[in-house]
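Here the structure comes first, spelled out in structure tokens, and everything after it is commentary.
Numbered from 1 within each chain, the chains take letters A, B, ... in sequence-line order. Keep in mind the model is a prediction, meaning the values are calculated, not measured.
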Amino acid sequence: MPELPEVETIRKTLSHLVLDKQIEDVSIYWSNIIQYPEDDEEFRIKVRDERITNIARRGKFLLFYLEEYVLVSHLRMEGKYKIVSKDEPLTKHTHVVFHFTDGTDMRYEDVRKFGTMHVFPIGEEFKKKPLNQLGPDPFETTYTPEYVKERLSKTSRTIKATLLDQTIIAGLGNIYVDEVLFLANIHPERRSHTLTEQEIETIYIKAKEVLQHAIDLGGTTIRSYVDGKGEMGMFQQELYAYGQDGKPCDHCGTLIEKIKVAGRGTHYCPECQSL
DNA sequence: AGTGATTCTCGGTCGC
DNA sequence: TGCGACCGAGAATCAC
């Protein structure tokens, strides 16, 4: 499940592999991945003959900058990119293939087929869905304690739902929200507007810290995540809450529990994170 | 208007 | 071996 640290790791490894490569053509095997332009053929024509000039990231989105266009890619749960020779046989989960002029392919594989791709003329990408509603990414200068205080204090939703909301903060997903709330000693069902200024400050700091720490370790490998080079992340060894249900809390020994909050499996320590 | 619940995309995994 | 329930990011839709 690629969240911000996994997408950042993919961005870095992929950059080394595809920068300056020229797209000769694109093959699309599962149209639902292509969200915009709606017509596959139009999508294909736009990226064809373009060179990859940069790979950026915002929240969980990868942005492949070409010469005139930008490809906005979301991996959702299981999407991955592979760079292989064009002779390599396709797998049954290969849905989009970018053929480079040097004889290599960049292949998008996605077991669940949930991933999305959008292509826009450069400059339009932040004006339209899906990037136009995105909140600040914790590694951007617009991510400030004041902003987080402002947004968290004026909603009555549970803090879990608020932190998962990409229009508030971009990049946190189920794994890292559970980790942030554990590190901040906050119960996932606390209503956001009941949090003290100190608690919000802690969330602000821990969110950035835990994401940075995970990036440093190459992300978290749950299920099948691997980076652009096919390597696994190591952050799963550092998890305190996510997936730790039934195991003793590292801080107090109480067993970590799993409940459902905001429709998501939620892991927390009932002792350290009391309501 | 804000919130939450539901539905939809999909297929691997798990329990029975 | 088979079958249904479950999971989950994010958008859309509906109910309150």
Among C:dA11, C:dA9, B:dG12, the nucleotide that comes nearest once only the side chain of A:Arg76 is considered: C:dA9
With a 4.0 Å cut-off on heavy atoms, is A:Gly263 in touch with a base, just the backbone sugar-phosphate, or nothing at all? nothing
Contact under 4.0 Å: A:Arg191 side-chain N or O vs B:dG4 OP1/OP2: yes
Tabulate below the donor-acceptor pairs under 3.5 Å that side-chain atoms of residues 262-272 of chain A make, not counting sequence neighbours, or state none.
residue  : atom : partner  : partner atom : Å
A:Thr266 : OG1  : A:Lys160 : NZ           : 3.2
A:Thr266 : OG1  : A:Arg264 : O            : 2.9
A:His267 : ND1  : A:Asp178 : OD2          : 2.8
A:His267 : NE2  : A:Gly243 : N            : 3.3

Could you give the NE2-to-C1' distance, from A:His267 to C:dC7, as a whole number of Å? 11 Å
Has A:Lys260 got a side-chain N or O lying under 4.0 Å from the OP1 or OP2 atom of C:dC6? no
For A:Ile168 and C:dG10, what is the distance between atoms CD1 and C1' respectively, to the nearest whole Å? 14 Å
Figure out the CG/P separation between A:Asp110 and C:dG10, and round it to whole Å. 13 Å
Please state whether the phosphate of B:dG4, meaning OP1 or OP2, lies under 4.0 angstrom from any side-chain nitrogen or oxygen of A:Arg157. yes
Can you check whether A:Ser156 has a side-chain N or O nearer than 4.0 Å to OP1 or OP2 of B:dG2? no
Can you tell me if the side-chain N/O atoms of A:His93 get under 4.0 Å from OP1 or OP2 in B:dG12? yes
Set of residues satisfying salt bridge (Lys or Arg N to Asp or Glu O under 4.0 Å) with respect to A:Glu68, sequence neighbours excluded: none
Can you spot which of A:Arg107, A:Glu109, A:Met117, A:Lys113 makes a side-chain contact (heavy atoms from CB on, under 4.5 Å) with A:His95? A:Lys113
If each of A:Phe114 and A:Thr167 is mapped to the nucleotide of DNA chain C with the nearest heavy atom, which maps nearer the 5' terminus, i.e. the 5' end? A:Phe114
Show the nearest heavy-atom pair for residues A:Val148 and A:Ile169, with the distance to one decimal. CG2-CD1, 4.5 Å
Tell me whether the OP1 or OP2 atom of C:dA9 has a side-chain N or O from A:Lys60 closer than 4.0 Å. no
Please work out if A:Thr155 contacts a base, only the sugar-phosphate, or nothing of the nucleic acid, heavy-atom cut-off 4.0 Å. sugar-phosphate
Are A:Glu201 and A:Lys149 within salt-bridge range, i.e. N to O under 4.0 Å? yes
Could you state the CD-P distance from A:Gln35 to C:dA11, rounded to the nearest angstrom? 10 Å
Just how far, in rounded Å, is P of C:dA11 from CG of A:Leu164? 13 Å
Do A:Arg264 side-chain and C:dG8 base share a donor-acceptor contact under 3.5 Å? no
Any side-chain N or O of A:Trp30 less than 4.0 Å from the OP1 or OP2 oxygen of B:dT9? no
Roughly, in whole Å, what's the span from CD1 in A:Ile33 to P in B:dC8? 20 Å
Rounded to whole Å, NZ of A:Lys113 lies from P of C:dA11 at a distance of 21 Å
To the nearest angstrom, how far is A:Lys128 atom NZ from C:dA11 atom C1'? 18 Å
